[in-house]
Amino acid sequence: MYSEKVMDHFQNPRNVGEIEDASGVGTVGNAKCGDIMRIYLDIDDDQVIRDCKFKTFGCGAAVATSSMATELVKGKTVQEALEVTNKAVMDALDGLPPVKVHCSLLAEEAIHAALWDYAEKNQIKIEGLEKPKTDIHEGEEEEEEEY
Ligand code: FES
């Protein structure tokens, strides 16, 4: 059911942990399954992501997608990091079963939420970045979404 890459990233997740004084932190959750993901970004003055760590309280696919997402955004500029969509993460993992697609969406949203946090702190605008809907810091009602 799961690709070898998914199993590998689930069993040996990369970049687990926290970054102290992170440039941006994003926490998102999925109301249906209750899973929560937090991503920390360390971004340098050239807007390049030097480091990225995550903490995920969630299913195996959520752990694997967070792990892969952190690997993919490292070394990218904040603009390039927007290209790390849930599809890109799934492709890098050689796919996910259809019922697990929403887990990869959580990774994309967590990156966007962390980038949004960074942009707000530095009062910059990242072209194409929209305000994350499920950032838990915002305390907004989580919306029903179709995945
Ligand atoms: Fe919810 Fe995977 S089941 S993130």
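Position 1 is the first residue of the sequence, and the numbers go up from there. Order of listing sets the numbers, starting from 1, for every ligand and every atom in it. Keep in mind that what you see is a predicted model, and the values were worked out from it rather than measured.
The atom name of the N/O/S atom in Asp35 closest to atom 1 (Fe) of ligand 1 is OD2.
At distances below 3.5 Å, at least one donor-acceptor pair connects side-chain atoms of Asp117 with backbone N or O atoms of Val25. Checking side-chain atoms of Arg38 against main-chain N and O of Ile36 turns up no donor-acceptor pair under 3.5 Å. Of the possible polar contacts, none joining the Asp46 side chain to the Val48 backbone as a donor-acceptor pair under 3.5 Å is found.
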**Message:** What verdict does the side chain to side chain donor-acceptor pair (under 3.5 Å) test give for Thr70 and Asn15, after you've listed the backbone C-alpha separation in whole Å, the side-chain angles of each residue and the deciding distance to 0.1 Å?
**Reply:** CA-CA 7 Å; Thr70 54; Asn15 312 309; 2.8 Å; yes
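When the heavy atoms of Gly58, Cys33, Ala107, Gly29 are ranked by distance to atom 1 (Fe) of ligand 1, first place goes to Cys33.
Contact annotation for His102 and ligand 1: only side-chain heavy atoms (C-beta onward) come within less than 4.0 Å of the ligand. Neither the backbone nor the side chain of Asn30 has any atom closer than 4.0 Å to an atom of ligand 1 (non-hydrogen atoms only).
Proximity to Ala62 (heavy-atom distance under 4.0 Å) selects the following atoms of ligand 1: 4 (S). Residue Cys59 has at least one heavy-atom neighbour below 4.0 Å for each of these atoms of ligand 1: 2 (Fe), 3 (S), 4 (S). Close approach to Lys100 involves these atoms of ligand 1, each under 4.0 Å from a residue heavy atom: 2 (Fe), 3 (S).
Salt bridge annotation for Asp42-Lys74: absent, with no cationic side-chain nitrogen under 4.0 angstrom from a carboxylate oxygen.
In summary, of the residues considered (Ile111, Val73, Leu72), a side-chain contact (heavy atoms from CB on, under 4.5 Å) with Val89 occurs for Leu72 alone.
With 2.8 Å as the limit, Cys103 counts as an N, O or S neighbour of atom 2 (Fe) of ligand 1.
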